Amino acid sequence: MTVASAPGKVYLFGEHAVVYGEPAVPCAIERRARVTAEERGDGRLRVDADDLSLDGFTVTYSGGPEDRPDVDVPTGLVEAAMGYVSGAIEQAREAAAAPETGFDLTIESDIPLGAGLGSSAAVVVAAIDAATRELGVDLAPEEIADRAFRVEYEVQDGQAARADTFCSAMGGAVRVQDEDKRRLEGIPNLPFVVGYDGGAGDTGELVSGVRTLREEYGFAADTVSAIGDLVREGEAALEAGDVAEVGRLMDFNHGLLSALGVSSRSLDAMVWAARDADALGAKLTGAGGGGCIVALDETEGARTALRYTPGCEEAFRAELDREGVRAE
Ligand code: MEV
């Protein structure tokens, strides 16, 4: 039996602009998905995933398209979850040159699902690591990231960003720009607080809204490149350990995202609640339209304020996690 875990993430800077070749800085957070893998002799896949918001979700199936799991929950949800899990297992089988191997998998996660915190990437990264190590093969985090990206790319019909899987596999703060991805070193502690409105925006719609604005208005295109400039300043502030400056730039980044039309009433309310409670900075994280904000605050102020903010369903501390995928 082999256990692996991998973290979720927030965007410190640069979402949306990253689609147009600007850099972005996602950061791993101390909220993890854990996968236990045990080889089984009959080539089948049994998945136990109580935490995937599928009540009592346990299925056994061959993993083939003709063999649909028989469970009493909405099929779309199961197919999406199984797409990630069986994609991860396919990658592990290929990496270990063991195409017929079956597994018992148990998935546990403390990353809210569908909240833009990279829960699916964390599950896929941890599943690839647990299943390959169960077969005696140790993959480098970069290779796990690459294989996990292929799974997300397939399940999400080519809409996946490399940021989530790379950040989850490597941990810490990373910089992504087109094909170029690397971990940032010497980063200070980042006391993140996450506020979640219980919803999620439609990433495809939000990305296409920004595309339309950018094509229509020169100043919207300038706003996207201003985010790129801001990310470069943010990187310098991070590497200089200047957390106050990182916070100021987060505030600025939220303003620019808001100008591009991807904030929402609840996201703005949470951002302002955190700022009023003296957070060093606060912004939406991910595609926007709903979902999560991230604030920087080492006191309990922002989290307490968020808990009393109408529209905020959950507020929690989730500091920067310097570790990516790891054996448990
Ligand atoms: C969504 O998590 C991040 C976006 O930048 C989209 C993407 O990078 O694919 C909005």
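Just so you know, these numbers come straight off a predicted model, no measurement behind them. All ligand and atom numbering here is 1-based and tracks the order in the structure.
Tyr84 and Glu154 share no donor-acceptor pair across their side chains, judged by distance under 3.5 Å alone.
No donor-acceptor distance shorter than 3.5 angstrom exists from the side chain of Asp178 to the backbone of Asp180, with no hydrogens or angles considered.
Within a 6.0 Å radius of CZ in Arg307, no more than 12 heavy atoms belonging to other residues, nucleotides or ligands are found.
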Should Arg34 and Ser5 be marked as a side chain to side chain donor-acceptor pair (under 3.5 Å) after you check the CA-CA gap, both sets of side-chain angles, and the distance that decides it? CA-CA 4 Å; Arg34 262 168 303 281; Ser5 77; 5.3 Å; no
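Annotation: ring-ring contact (aromatic ring centres under 6.0 Å, His included) contacts involving residues 216-241, sequence neighbours excluded, comprise Tyr217-Phe219.
A cation-pi arrangement is absent between Arg40 and Phe103 under the rule of less than 6.0 angstrom and at most 45 degrees off the ring axis.
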Which N or O atoms of ligand 1 sit under 3.5 Å from a protein N or O, and how far apart is each pair?
| residue | atom | partner | partner atom | Å |
| --- | --- | --- | --- | --- |
| ligand 1 | 5 (O) | His16 | N | 2.9 |

